[in-house]
K.L.:
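Following this message is one structure expressed as structure tokens.
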Amino acid sequence: MPPIFALVDCNNFYASCERVFAPRLEGKPIIVLSNNDGCVVARSNEAKALGIAMGVPEFQIRPLIRAHQVQVFSSNYTLYGDMSQRVMETLEQFCPDLEIYSIDEAFLSLTGFTSRNLTDYGRTIRATVKRWTGLPVSIGIAETKTLAKIANRIAKRTPDTGGVFDLLACSDRDALLGRVPVEDVWGIGRNHTRLLNQHGIKTALQLREVDEQWIRKHLGIVGLRLVMELRGVSCLDLEECPAPKQSLTCSRSFGHPISTLAEMEEAVSSYASRVAEKLRRGRLAGTVMTVSLTTNEFKEGPQYSNSVTLNLSVATDSTADLIKSSLRGIRAIYKEGYNYKKAGVILTSLVPASQTQADLFDAQDRVKSKRLMSALDAVNDRWGAGTLHYASSGITKRWKAQFQHRSPAYTTDWAALPIVTA
DNA sequence: TCTGGGGTCCTAGGACCC
DNA sequence: TCTGGGGTCCTAGGACCC
């Protein structure tokens, strides 16, 4: 049976999540900012219409924000993560074969659903998600994932589709592909766009017709797959079981520049703690740690960035171990005389925690450490992240990122439940 | 004053082995 | 004169994604 994919994508996801809990903002421009309230990472349609671009720094659009009373939110990942889960659970009711592709997107396999009118089925899905979660979605349907992405884009931009577009049921496919700029094709980024444009390839339709040898040479195997997908040959399967994670990162910009080793040690050790928590949550342990730091490239003055990779010799998920290594790393690369903007801790060579190798020369009491970590996680789950933490992570944390416009955790914290007044 | 964070996959080139 | 070649593993860097 030939495969059929649907791509379901939440419209302006973060902005829409904020609006669900602030219905007075219906029809108003909304933006959501990145960590530290740095850049715009989500915009409602009204904000897009004002010309606010994705990724612009907030300080550059302040006059626009004031002039049009744009509603500004800091990002609230607890809220978005919970809303995402509700959307995915709803989709599962309609189609058990589902791949959660990102926080706001899922691919469904509609292979074998052809006895139905797929556009109608999509409309039912869309209406149900809206009713159960309050969030608007768009749905694109086609015989490959890459084409489903394009169908989704058409659904989103063409109001009379009612938010659902089935490329299989469409008679003028070539005309539509001819209107899709090549940079909007899934898998074509800035650099490939430049290369393709230099060779006169400007649309999805033109990309589809490119010679296979040429594409293999210039865009590699990934590019070749992409072209085949545009031709309707499915090369990317639905991946229902996510592959095990290969790396785990905590990297953050500071609330203000750091210029002392002591403060840098605090930050890095708190990032290492965060990585340790994520490891334990995923029942993983890590063997190789990379610690990095960097100054602010947007500023004048001397720049420095560096990283160091440490082999931990034994896979671990212990906060104490990881802090110790992160401090060793940061001391190796820290140089006096710079204003640092950001640091990070990355763990790689991850293995399931149950399969960690015992090291004969490892003198530590692993059982004791494990009990300590369980207690630490339990307290922080119950009383809030960071209730218990290692002293090396600092008490004042002056370097921590700022969130001036954060909305409450409406759906995950009893104290923040929205209140309905009659 | 103020510019995010967290991932994956592929490729080219070097080291090493036989 | 003229000095192999193929396979594997590892790593750094590039490109892309949301």
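Letters A, B, ... are given to chains in the order of the sequence lines, protein chains preceding strands, and every chain is numbered from 1. Remember, it's a predicted structure, so these values are computed and weren't measured experimentally. Note: hydrogens, waters and symmetry copies are ignored here, and every other heavy atom, side chains too, is used.
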K.L.:
Would you please say whether a donor-acceptor pair under 3.5 Å links the side chains of A:D97 and A:S109?
P.N.:
no
K.L.:
Could you tell me how far apart A:N306 (CG) and C:dA12 (P) are, to the nearest whole angstrom?
P.N.:
12 Å
K.L.:
When you check the phosphate oxygens OP1 and OP2 of B:dC10, does a side-chain N or O of A:R225 lie under 4.0 Å from one of them?
P.N.:
yes
K.L.:
Within the 4.0 Å heavy-atom criterion, would you say A:R274 contacts the bases, only the backbone, or no part of the nucleic acid?
P.N.:
nothing
K.L.:
Hey, does A:N296 reach any base, or is it just sugar-phosphate, or nothing, if we go heavy atoms under 4.0 Å?
P.N.:
sugar-phosphate
K.L.:
With a 4.0 Å cut-off on heavy atoms, is A:Q246 in touch with a base, just the backbone sugar-phosphate, or nothing at all?
P.N.:
sugar-phosphate
K.L.:
Do nucleotides 13-18 of chain C as a string where each nucleotide becomes B, S or -: B if the base has a protein heavy atom under 4.0 Å, S if just the sugar-phosphate does, - if no protein is that close.
P.N.:
--SSSS
K.L.:
Just by distance, no angles: are the side chains of A:S138 and A:D9 close enough, under 3.5 Å, to form a donor-acceptor pair?
P.N.:
no
K.L.:
Nearest whole Å is fine: how far is B:dG7 C1' from A:E239 CD?
P.N.:
14 Å
K.L.:
Considering residues, nucleotides and ligands other than A:R231, do more than 12 of their heavy atoms fall under 6.0 Å from its CZ?
P.N.:
yes
K.L.:
Regarding A:E266 and A:S393, do their side chains bring together a donor and an acceptor under 3.5 Å, going by distance alone?
P.N.:
no
K.L.:
For the residue pair A:Y334 and A:Y340, categorise the inter-ring angle as parallel (less than 30°), tilted (30 to 60°) or perpendicular (more than 60°).
P.N.:
tilted
K.L.:
Without decimals, in angstroms, what is the distance between A:I346 CD1 and C:dA12 P?
P.N.:
12 Å
K.L.:
Does the plane of the ring in A:Y77 sit parallel, tilted or perpendicular to the ring in A:Y80? Use 30° and 60° as the thresholds.
P.N.:
perpendicular
K.L.:
Using distance alone, with no hydrogens and no angle criterion, decide if A:T290 and A:T309 have a side-chain donor and acceptor under 3.5 Å apart.
P.N.:
yes
K.L.:
Mind checking which stems touch DNA chain C? I mean at least 3 consecutive Watson-Crick or G-U pairs, both distances under 3.5 Å.
P.N.:
B:5-18 with C:5-18
K.L.:
Which word best sums up how the rings of A:F5 and A:F107 line up, parallel for under 30°, tilted for 30 to 60°, or perpendicular for over 60°?
P.N.:
perpendicular
K.L.:
So, A:K335 versus A:N306: side-chain donor-acceptor pair below 3.5 Å or not?
P.N.:
no
K.L.:
Nearest-Å distance, CD (A:Q404) to P (B:dT3)?
P.N.:
13 Å
K.L.:
Atom CD of A:Q60 and atom P of B:dC2: how far apart are they, to the nearest Å?
P.N.:
13 Å
K.L.:
For the side chain to side chain contact (heavy atoms under 4.5 Å, CB included) test, which of A:E143, A:K145, A:R208 pairs with A:E229?
P.N.:
A:K145
K.L.:
Can you check whether A:E263's main-chain N or O pairs, donor with acceptor, with A:T260's side chain at less than 3.5 Å?
P.N.:
yes
K.L.:
Each nucleotide N or O in nucleotides 4-6 of chain B that has a protein N or O under 3.5 Å away: list the pair and distance.
P.N.:
| unit_1 | atom_1 | unit_2 | atom_2 | d |
| --- | --- | --- | --- | --- |
| B:dG4 | OP1 | A:K341 | NZ | 2.9 |
| B:dG4 | O4' | A:S34 | OG | 2.7 |
| B:dG5 | OP1 | A:S253 | N | 2.6 |
| B:dG5 | OP2 | A:S253 | N | 3.4 |
| B:dG5 | OP2 | A:S253 | OG | 3.0 |
| B:dG5 | OP2 | A:K342 | NZ | 3.4 |
| B:dG6 | OP1 | A:R252 | NH2 | 3.2 |
| B:dG6 | OP2 | A:S251 | N | 2.5 |
| B:dG6 | OP2 | A:S251 | O | 2.7 |
| B:dG6 | OP2 | A:S251 | OG | 3.0 |

